[in-house]
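Quick caveat, the model's predicted, so the values are computed rather than measured. Here is the naming used below: chain letters follow the sequence lines, and residue numbers restart at 1 for every chain.
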Protein chains: 2
Amino acid sequence: MAKTNKTLRRRNEYQIYDVPIDSFFELAFSIDCVVFGYGKKDLQVLLTQRGAEPYKGLWALPGDLVYPDEDLDTSAGRVLKALTSLPDLNFEQVHTFGAVDRHPLGRVVTVAYYAIVNMKGFNPKAAFWADKAKWHSVKNLPKLAFDHRDIIDYSYKKLKESTMTKPLWNGVIEEKFTLTQLQSFFETVLDKKFDKGNFRKKIDLFQYVKETEEFEKDVPYRPSRLFKFDKKLYQKNEESS
Amino acid sequence: MAKTNKTLRRRNEYQIYDVPIDSFFELAFSIDCVVFGYGKKDLQVLLTQRGAEPYKGLWALPGDLVYPDEDLDTSAGRVLKALTSLPDLNFEQVHTFGAVDRHPLGRVVTVAYYAIVNMKGFNPKAAFWADKAKWHSVKNLPKLAFDHRDIIDYSYKKLKESTMTKPLWNGVIEEKFTLTQLQSFFETVLDKKFDKGNFRKKIDLFQYVKETEEFEKDVPYRPSRLFKFDKKLYQKNEESS
DNA sequence: TCAAAAGTGTTATAGGTACACCCATGT
DNA sequence: ACATGGGTGTACCTATAACACTTTTGA
C-alpha cells in the first residue's frame, strides 16, 4: 500500500525510540489510549512497561506519535487496532494534555482517547505491543510514567459519565445478553451496586434495548430472556436529538 | 523579563503570518478561543475577519499558535486576555481538532477553548485584535474559515451542558444580582424559557447562591433581594465530590 | 424439595411542571 | 388605582429507592 510506505518513511523523521536523546524532537504531538478491560470484578486498564528512558521500568499508557498525514482519530484507531486486534472498536477523545514539562525530553502534546473492551478471549500478546502489555485494576494502579495517572483519572471519569447515557456495553458484553449481564457491566464500570427491579425499570426506558424470543440454555436456574442492542433505533433517536 | 524574550525569539521560528507560503510550517499546534458574549437577547460569539489567505475575508475564531515554552491553558489564557482585557476569566478546554486537511497550508492541530463574558462595557477595540473583531449571534453565524463552524457547534454544546452544573454566570452577571437576572442568564445561554417559581426552587438547591440583606434601588416596582456567589462554599463542595 | 437467579409488584419519597395568587413599589 | 415585576403556594405527575414477593429451572 502506497500510503503505508509514505507513512513509515515520514514516521522516521519523528521516530522517538531509536535516536540519541540529544537529537530528540523539539515539538511533537501524540495520542495516548486508555483501554479499559471488562471481565473481572474490577475494571482493568491496559498498560505497557517502558523499556527505555525516560521512566524506564515504569508503567505507561500505550500511545504513539501522530503521523503527519494522519487524522487524530485515525491515529487513535490505528494504535487501538494494533493493541487489541479488534476491528470495530468504539473510542472517544477525552482531553488534551499539553503541559510544557510533561515529557522530559521535549515538547509533546498528547491527545487522550479511551475505549472499553471485553478481556475474555483477549490476548495482548498477539499484538505488536506484545510481551510488556498487562492489565491492571483501575483501583490499584502502579506508579505511572509522565502524567499518565492524570490521563487515566480523567478518562475514567469520562467513561463513568458516558456509561449513563451511551450504550458503551455494545460490543463489550455478548451480542445477546441477559439483563443481569447488562447490570453487571454497569456495576463494574460504575463500581456501584444496583437494585435488580429498579435497574430493569430504568433499562425499560432505553428503547434500544430490545427483547428477543431467545432464552439462556443449560443453566442451573430459571433461564433468562436474552436481549439485544437495536442499533437502528438508537441511531434514529440520536439524530433527532 | 527574560522569559518574554525567549518566548518571542522562539516564536519567530513558528511565526505563521509574515513568511511566504512555501516556507510554511509543516507541523504546528494552536489554540482557538470561542468567546461567548452575554448581554443581548441572543448569545453572541466573538469572531475576527481574516485579512490574509487562506480564507481571506471570512470570519474566524481568535486563536494563536502555542509557544514552545507555554502550557496549553496558559496559551488560551494569554489569547483571552489579549482579546478581552479581562484578568480573571474562566475558560475550559473543549476538544481538539486534528483533521489532516483542516488547514490548507500545513498540518495544524488546534485545541479549542471556550469562555463566556459580559458584553456590557466590553470594548474589543481596546484589545490587540482590535478593529476586525465583532460579535455575531450564535443563531446567525456567517460563513466561517477552516473547521471553525464545527468548533463553535461543539463548544456551544459544551457550554450548555456546563451551564446546568457549574456557576458559569459568576463573573458574567453583576456580583450582586437578582434571581431574575440569574434566570435571564440561563434563558439566554440555554435558549429556553423557565417558570419563575420552578427556577427559584431549583436555585434554592444551589447552596452557593447566597442571599444578602441588600435590595435593588430606584426601580419602578417592588425591589428585588440581591444574591451573591458563595465562592468558599462552592469550592468546599467541589472538593468533597 | 431446595438453591439460585428470573421476574414482578408495592410503597414512600423526591424532584419537576403548570399554574394561580398575593405583595411591594413608583408613577 | 394601576402597572410591573417580586415572591410564594398548591396540586399533579414522574422518576427513584428500598424491599418483598412469586416463578422457573437443574440438581
* Any side-chain heavy-atom pair of D204(A) and V209(A) under 4.5 Å -> no
* **Non-hydrogen side-chain atoms of F91(A) and Y114(A) separated by less than 4.5 Å** => no
* Please identify each residue that fulfils ring pair (Phe, Tyr, Trp, His ring centres under 6.0 Å) with F146(B), with sequence neighbours left out. => Y55(B), H103(B), H148(B)
* Asked: Counting only non-hydrogen atoms, which of residues 213-222 of chain A are less than 4.0 Å from DNA chain D?
  -> V219(A), P220(A), Y221(A), R222(A)
* To do: Please assess Y38(A) against W169(A) for the test ring pair (Phe, Tyr, Trp, His ring centres under 6.0 Å), listing each intermediate value before the final yes or no.
  => CA-CA 9 Å; Y38(A) 173 71; W169(A) 40 266; over 10 Å; no
* To do: May I ask you to say whether D153(A) pairs ionically with K157(A), meaning some side-chain N is under 4.0 Å from a carboxylate O?
  => no
* Which of residues 172-189 of chain A have a heavy atom under 4.0 Å from DNA chain C? -> T180(A)
* Asked: salt bridge (Lys or Arg N to Asp or Glu O under 4.0 Å) with E211(B): which of R225(B), R200(B), K176(B)?
  -> R225(B)
* To do: Test L159(B) against every option in L43(B), V94(B), V34(B) by the side-chain contact (heavy atoms from CB on, under 4.5 Å) rule and name the one that passes.
  => L43(B)
* Within the distance-only criterion (no hydrogens, no angle test), does the side chain of D71(A) pair as donor or acceptor with the backbone N or O of T74(A) below 3.5 angstrom? -> no
* Near-strand residues of residues 194-201 of chain A, defined as heavy-atom separation under 4.0 angstrom from DNA chain D -> D195(A), N198(A), K201(A)
* Structure fact -> The first and last nucleotides of DNA chain D lying within contact of chain B, meaning any atom under 4.0 Å from one of its heavy atoms, run from dT4(D) to dT10(D)
* Can you check whether H95(B)'s main-chain N or O pairs, donor with acceptor, with Q93(A)'s side chain at less than 3.5 Å? -> no
* **Sidechain-backbone polar pair: Q181(B) side chain, T178(B) backbone, donor-acceptor under 3.5 Å** => yes
* Structure fact -> Paired with F97(A), the ring pair (Phe, Tyr, Trp, His ring centres under 6.0 Å) test is passed by just one of Y113(A), F29(A), Y154(A), namely Y154(A)
* Asked: Should the pair K160(B) and Y156(B) be classed as cation-pi, given the thresholds of under 6.0 Å to the six-membered ring centre and 45° from the axis?
  -> yes
* Give the first and the last nucleotide of DNA chain C, reading 5' to 3', that has any atom under 4.0 Å from a heavy atom of chain A. => dA4(C) to dT10(C)
* Asked: Can you list the steps and then say if K192(B) with E187(B) is a salt bridge (charged side-chain N to carboxylate O under 4.0 Å, His left out)?
  -> CA-CA 5 Å; K192(B) 192 175 159 184; E187(B) 289 180 341; over 6 Å; no
* Is there a donor-acceptor contact under 3.5 Å from the side chain of R50(B) to the main chain of A145(B)? -> no
* To do: Find which nucleotide of DNA chain D each of K202(A) and P223(A) is nearest to by heavy atoms, and output the residue with the more 5' nucleotide.
  => K202(A)
* Does E174(B) pair with K120(B) as a salt bridge, N-O distance under 4.0 Å? -> yes
